[in-house]
Amino acid sequence: MRQMLDLSRFQAKGRETCFHGRHIQPQIYSELNGSNWSLKDYQARGGYAALRKILGRDGGQGMTPEAVIADVKLSSLRGRGGAGFPTGLKWSFMPRQFPAQKYLVCNSDEGEPGTCKDRDILMYNPHAVIEGMTIAAYAMGITVGYNYIHGEIFEVYERFEAALQEARAAGFLGAHIMGSDTSFELHAHHGFGAYICGEETALLESLEGKKGQPRFKPPFPASFGLYGKPTTINNTETFAAVPWIIRNGGQAYLEVGKHNNGGTKIFSVVGDVNAPGNFEVPMGTPFSKLLELAGGVKGGVLKAVIPGGSSAPVLPAHIMRDITMDYDAIAKAGSMLGSGAVIVMNDTRCMVKSLLRLSYFYQHESCGQCTPCREGTGWLWRMVDRIEKGQGRMEDLELLNSVADNIQGRTICALGDAAAMPVRAMIKHFRNEFVHHIEHKTCMVPAYV
Ligand SMILES: Cc1cc2nc3c(=O)[nH]c(=O)nc-3n(C[C@H](O)[C@H](O)[C@H](O)COP(=O)(O)O)c2cc1C
Ligand code: SF4
């Protein structure tokens with residue numbers, strides 16, 4: 001293991017949030033209890049059977065790389081990092097025959113406010129990520145990979161390092177995996193808590209030892225990635241889903257979820273609920289069921305939900321009550337499934353104050369490279385602050401929308417969009433609260449009066 005720095009003052013202690021037993025058909029969190037993370041336990045749960053299967057080490061014929069990619073395409077697995085891009089399709093973009101080094105990168109930066117699913121995967125089922133990455137490496141002809149891990153919860157990084165050592169010692173990683181012609185070296189790398197380093201090209205810059213700032217795209221990482229070489233990046237949960245798909249088949253995975261939204265999804269249900277936590281449920285599960293699993297609304301009645309992490313537009317209760325939790329249904333309702341953090345707000349929440357908190361976050365995390373984002377996120381924050389303090393003008397509402405319009409789609413990376421979208425959604429759905437703050441110089445929500 002690499003020499004560790006003393007990072008204790010940066011550590012945020014996470015609570016285990018996935019041992020409540022209230023999942024539905026779990027695949028990644030199945031049978032976890034907090035202490036059965038090791039290689040021995042993972043194998044007892046069927047771990048590394050998928051890797052054996054593709055390499056023909058289970059008595060079968062093995063699977064060609066093309067067959068692995070075809071099965072992942074069939075599964076309708078969509079990237080769990082935010083955009084929901086089809087994973088099999090992404091893997092098919094990798095130029096397999098490229099005659100030099102190619103890289104595989106796992107994005108475990110997990111900085112989206114509200115999201116806490118990946119840290120539980122890395123902490124309690126790390127071998128699922130290692131096996132998923134090794135299968136991906138085989139499918140794309142890649143021999144070197146990195147897992148970029150959120151640096152503020154250092155024990156997660158240490159746990160992953162320990163799992164890597166086990167996998168190497170058992171011959172599941174390294175040269176000639178299980179005596180085959182396939183080799184894959186995998187390394188862990190910890191970040192230092194900058195939200196922007198979760199953006200895939202900023203992550204690559206950071207991994208190269210540079211300042212974590214996004215690159216212009218194109219070129220995309222598939223052609224110009226880590227050290228300028230072809231690179232595939234996927235989220236932790238995306239890789240962790242792969243062993244189940246290979247073991248059970250892409251069709252079985254698809255059938256667990258719904259058309260175009262295969263498998264299960266882990267939702268971090270946070271905010272005003274009685275029992276917050278990570279819940280793994282089939283794609284397409286009704287929001288009302290998810291809310292029930294999380295113990296229902298705490299301290300009031302449901303007012304609004306941010307359904308996909310802080311970057312996703314807020315949706316009011318009457319829309320959320322009828323929605324199913326999958327990429328297509330949430331997009332149709334005007335928001336995004338994003339990272340799967342479901343931020344529940346009850347009727348004591350002031351939407352102006354909530355937007356103020358979000359706007360503060362984005363102006364703080366802007367990397368400053370492009371003017372619309374660097375300046376615009378600060379303007380948004382200051383204007384919302386003004387309104388919240390009762391110093392706003394009615395024309396500020398149009399000005400807020402106009403600044404958001406001038407950020408969205410005009411920046412190098414999607415942080416700009418993430419800052420702009422919540423502003424527009426809050427004003428669209430809760431305009432009366434903003435107007436009240438401006439006209440009466442106080443809040444209309446009883447708890448905040
Ligand atoms: C500002 C910003 C932050 C992001 N943070 C993360 C993150 O913490 N984890 C993640 O997997 N993807 C994050 N993404 C998305 C990644 O850029 C990328 O799309 C993702 O890792 C691809 O993996 P997937 O195809 O498995 O979803 C972020 C994107 C942006 C614009
Ligand atoms: S949009 Fe914002 S975070 Fe992204 S590159 Fe531009 S300044 Fe940096």
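Read the numbers this way: they start at 1 and go in the same order the structure lists the ligands and their atoms.
Atoms of ligand 1 found under 4.0 Å from any heavy atom of Lys90 (numbered from 1 in listed order, with element): 22 (C), 23 (O), 24 (P), 25 (O). Every atom of ligand 1 with a heavy atom of Arg80 under 4.0 Å away is listed here by number and element: 26 (O), 27 (O). Under a 4.0 Å criterion applied to the non-hydrogen atoms of Gly111, ligand 1 contributes the atoms 8 (O). The contact set between ligand 1 and Ile233, taken as ligand atoms under 4.0 Å from a residue heavy atom, comprises 22 (C), 23 (O). Every atom of ligand 1 with a heavy atom of Thr238 under 4.0 Å away is listed here by number and element: 26 (O). Under a 4.0 Å criterion applied to the non-hydrogen atoms of Asp109, ligand 1 contributes the atoms 8 (O).
Look at Lys217 and Glu199 and you find a salt bridge, because one of the NZ, NE, NH1 or NH2 atoms lies within 4.0 Å of a carboxylate O, short of that distance. Ion pair Asp328/Arg78 flagged as a salt bridge, since at least one NZ, NE, NH1 or NH2 atom sits closer than 4.0 Å to an Asp/Glu carboxylate oxygen. With respect to Arg424 and Asp405, a salt bridge is recorded, a charged nitrogen being found less than 4.0 Å from a carboxylate O. Between Glu280 and Lys117 there is no salt bridge, since no side-chain N of the basic residue sits under 4.0 Å from a carboxylate O of the acidic one. By the 4.0 Å N-to-carboxylate-O rule, Arg215 lies close enough to Glu208 to be salt-bridged with it. Checked for salt-bridge contact, Glu398 and Arg431 meet the test: a charged N lies under 4.0 Å from a carboxylate O.
Trp37 and Tyr124 have their aromatic ring centers separated by at least 6.0 angstrom. A distance of 6.0 Å or more separates the ring centres of Tyr29 and Phe19. If you look at Tyr362 and His364, their ring centroids are not closer than 6.0 Å. A ring-centre distance under 6.0 Å is not found for Tyr157 and Phe160. Two rings, from Phe361 and Tyr195, have their centers less than 6.0 Å apart.
The nearest heavy-atom contact from the protein to atom 27 (O) of ligand 1 is Gly81 N, 2.8 Å. For atom 18 (C) of ligand 1, the closest non-hydrogen atom on the protein side is Glu200 OE1, 3.5 Å. Of the protein's heavy atoms, Glu110 N, 3.0 Å lies nearest to atom 8 (O) of ligand 1. Counting protein heavy atoms only, atom 16 (C) of ligand 1 is closest to Gly198 O, 3.5 Å.
Of all the heavy atoms of Glu199, the ones lying under 4.0 Å from any atom of ligand 1 are found in both the backbone and the side chain. With a heavy-atom cut-off of 4.0 Å, Asn235 touches ligand 1 through backbone and side chain alike.
Surrounding NZ of Lys211 are at most 12 heavy atoms belonging to other residues, nucleotides or ligands under 6.0 Å away.
Atoms CD and CG, from Gln363 and Leu358 in turn, are 12.0 Å apart once rounded to the nearest 0.5 Å.
For Glu112, the closest heavy-atom approach to ligand 1 does not fall below 4.0 Å. Contact between Ala83 and ligand 1 is absent, with no heavy atom of the residue lying under 4.0 Å from the ligand.
Residue Tyr195 has no N or O atom closer than 3.5 Å to an N or O atom of ligand 1. An N or O contact shorter than 3.5 Å links Asn107 to ligand 1 by distance.
Under the ring pair (Phe, Tyr, Trp, His ring centres under 6.0 Å) criterion, the residue pairs touching residues 127-152 are Tyr42-His127, Tyr48-His127, Tyr146-His187, Tyr148-His189, with sequence neighbours excluded.
Protein residues with any heavy atom under 4.0 Å from ligand 2: Ile196, Pro214, Ser366, Cys367, Gly368, Gln369, Cys370, Cys373, Thr411, Ile412, Cys413, Leu415, Gly416.
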